[in-house]
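Here the structure is laid out as structure tokens; the discussion comes afterwards.
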Number of protein chains: 2
Amino acid sequence: MSRTALTRDEVLEAAASLVKQHGPAALTMRKLAAELGTAVTSIYWHVGNRESLLDALVQRTVDEMGAIRPAGRTPADRILAVARILRRELRARPHLIAMVHERGLTERMFLPAQQALVHEVHAAGLRGARAADAVRAVQFQVVGYLLVERNRERAPAQSPAESELWDPAAAPHDPALARALARPADPDRLFLLSVRALVHALLTPDP
Amino acid sequence: MSRTALTRDEVLEAAASLVKQHGPAALTMRKLAAELGTAVTSIYWHVGNRESLLDALVQRTVDEMGAIRPAGRTPADRILAVARILRRELRARPHLIAMVHERGLTERMFLPAQQALVHEVHAAGLRGARAADAVRAVQFQVVGYLLVERNRERAPAQSPAESELWDPAAAPHDPALARALARPADPDRLFLLSVRALVHALLTPDP
DNA sequence: ACCTGAACACCGTTCAAGT
DNA sequence: ACCTGAACACCGTTCAAGT
């Protein structure tokens with residue numbers, strides 16, 4: 001009896017900390033045991049195995065995502081607010097998106113956001129199947145954007161970089177465009193611009 | 001001398017086949033060696049190590065993505081065609097997207113598409129930084145959508161499924177909307193709808 | 001009820017030795 | 001130039017044995 005009794009919560013806490021610091025790949029049962037000062041096999045008693053340990057971690061975070069109360073004057077503004085809130089929440093948990101997705105909990109995690117979107121789309125006057133399409137289009141766009149953004153951050157330096165691909169000679173007709181593409185993208189601005197454009201189109205009645 | 005001489009190409013071919021069938025995780029050096037009928041260590045002589053083997057595989061596929069020649073009457077139609085071509089190409093290589101991304105080659109792989117988009121956005125009258133934003137917004141949307149779609153397919157059954165989350169009681173004001181959200185999304189339709197909406201907004205001059 | 005070490009079947013990789 | 005088996009350091013997991 002070298003330490004106070006190990007608890008399941010203690011295991012989850014230590015595992016979450018390892019994942020947060022170095023990503024899910026760094027979470028090995030042996031390192032976790034070392035961190036906790038116990039034998040590897042004790043962990044199995046508390047959480048079953050590595051897979052259900054990760055499941056529990058993911059479930060925990062999904063539960064943390066509470067209701068979403070977007071601010072804004074118009075439905076379009078509030079949809080944009082939902083998108084920003086989602087982005088902020090997910091960026092605070094950088095390893096989570098992929099883990100949640102792999103475990104098939106994405107829809108569960110986005111339910112609060114989806115409900116907020118349904119509300120706003122309804123307020124904007126959309127009904128039935130058309131409203132459902134709008135909700136899903138926004139949801140896919142936001143989640144997709146976050147996946148791309150996350151992957152870009154995680155990826156090592158691109159080679160060749162966009163800056164090399166777009167030297168002015170590549171677009172002789174529009175050097176300003178070439179310069180703009182050679183500069184790194186501003187993810188914040190591009191996110192807002194994209195969502196705003198999509199929402200605008202979805203909420204505008206067809207001609 | 002139990003077999004004809006092993007070549008680097010032969011190794012890549014066998015590795016590609018393993019990845020295509022069971023995903024990158026199933027590609028172990030030992031299984032690959034068994035498949036080829038050689039000692040594990042022979043593979044190292046030809047390709048260095050597992051990581052550079054995967055690099056070579058990815059590089060190979062990136063090279064396969066040639067120029068993109070979209071058809072259509074208007075720039076908007078041709079941008080939509082670019083999006084469809086990208087979707088088709090990437091869906092033909094289901095394990096590739098993530099692998100390319102992890103290796104930081106996404107921008108390289110999308111260069112042909114990016115050039116096609118630049119051309120169309122220019123044809124639509126956009127210039128400079130505004131054109132660059134439009135190109136990137138479409139690119140992010142398409143890639144993001146494909147990542148989400150891919151993840152959905154790979155993910156096991158969601159629990160609870162959307163159908164359970166959206167029983168009619170959940171949206172008393174609009175039962176048609178609830179029914180639509182309870183049905184599984186049609187990824188084809190949603191993709192076209194989303195891209196069309198975004199492109200429409202990006203190409204329309206600001207009010 | 002909780003914890004342990006030994007053991008098993010898998011990895012990727014290195015290296016000295018062969019032809 | 002090419003191939004080999006032995007060996008190392010790592011995995012996740014099981015299990016019989018302890019308290």
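Keep in mind the model is a prediction, meaning the values are calculated, not measured. First the proteins, then the strands, lettered A, B, ... as listed; each starts at 1.
- In DNA chain C, stems built from 3 or more consecutive Watson-Crick or G-U wobble pairs, each with both distances under 3.5 Å, span C:4-8 with D:12-16, C:12-16 with D:4-8.
- Spacing between atom CD1 of Ile43(B) and atom C1' of dC3(D) amounts to 12 Å, rounded to whole angstrom units.
- Using a 4.5 Å heavy-atom threshold, the side chains of Val118(A) and Asp174(B) count as separate.
- For Arg69(A), the CZ atom is loosely surrounded, since the number of other residues' heavy atoms within 6.0 Å does not exceed 12.
- Atoms NZ (Lys31(B)) and P (dC10(C)) sit 9 Å apart, rounded to a whole Å.
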For nucleotides 13-15 of chain C, tabulate all protein N/O to nucleotide N/O atom pairs closer than 3.5 Å, reporting atom names and distance.
unit_1, atom_1, unit_2, atom_2, d
dT13(C), OP2, Tyr44(B), OH, 3.2
dT13(C), OP2, Arg50(B), N, 2.9

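- Dense packing is recorded around CD of Glu64(B), with more than 12 heavy atoms of other residues, nucleotides or ligands lying under 6.0 Å away.
- Residue pairs satisfying the ring pair (Phe, Tyr, Trp, His ring centres under 6.0 Å) criterion with at least one member in residues 76-100 of chain B, sequence neighbours excluded, are absent.
- Sorted by residue number, the members of residues 21-28 of chain B with any non-hydrogen atom under 4.0 Å from DNA chain C read Leu27(B), Thr28(B).
- The side chain of Ala39(B) approaches dT4(D) more closely than any other nucleotide in the set dT4(C), dC3(C), dT4(D).
- Looking at Asp188(B) and Arg87(B), their side chains come closer than 4.5 Å, going by heavy atoms from C-beta outward.
- Counting non-hydrogen atoms of neighbouring residues, nucleotides and ligands closer than 6.0 angstrom, the CZ atom of Arg84(B) reaches no more than 12 such neighbours.
- Under a 3.5 Å cut-off, the side chain of Arg127(B) and the backbone N or O of Ala176(A) do not form any donor-acceptor pair.
- The stretch residues 13-20 of chain A has no heavy atom under 4.0 Å from DNA chain D, so no residue of it qualifies as close.
- Arg93(B) and Glu89(B) are joined by a salt bridge, as a carboxylate oxygen and a charged side-chain nitrogen come within less than 4.0 angstrom of each other.
- Contacts between residues 52-60 of chain A and DNA chain C, defined by a heavy-atom separation below 4.0 Å, involve no residue at all.
- Proximity of Leu181(B) to Arg136(A): side-chain heavy atoms (C-beta onward) are separated by under 4.5 Å at one or more points.
- A donor-acceptor pair under 3.5 Å is formed between the side chain of Arg78(A) and the backbone N or O of Gly72(A).
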*Start with the C-alpha distance between Thr7(A) and Leu12(A), add both sets of side-chain angles, then the distance that settles side-chain contact (heavy atoms from CB on, under 4.5 Å), and finish with yes or no.*
CA-CA 9 Å; Thr7(A) 67; Leu12(A) 291 182; over 6 Å; no
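- In this structure, Arg8(A) atom CZ and dA1(C) atom C1' are separated by 16 Å, rounded to whole Å.
- Counting non-hydrogen atoms of other residues, nucleotides and ligands closer than 6.0 Å to NE2 of His200(B) gives a total of 12 or fewer.
- Rounded to whole Å, atom P of dA1(C) lies 16 Å from atom CG of Leu6(A).
- Between Val19(A) and Met99(A), some side-chain heavy-atom pair lies under the 4.5 Å cut-off.
- Contact annotation: the side chain of Leu147(A) approaches that of Val148(B) to within less than 4.5 Å [non-hydrogen atoms, C-beta and beyond].
- No side-chain donor-acceptor contact under 3.5 Å links Asp55(A) to the backbone of Val58(A).
- Distances shorter than 4.0 Å separate some side-chain N or O of His46(B) from OP1 or OP2 on dC3(D).
- Of the possible polar contacts, one joining the Asn49(B) side chain to the Ser52(B) backbone as a donor-acceptor pair under 3.5 Å is found.
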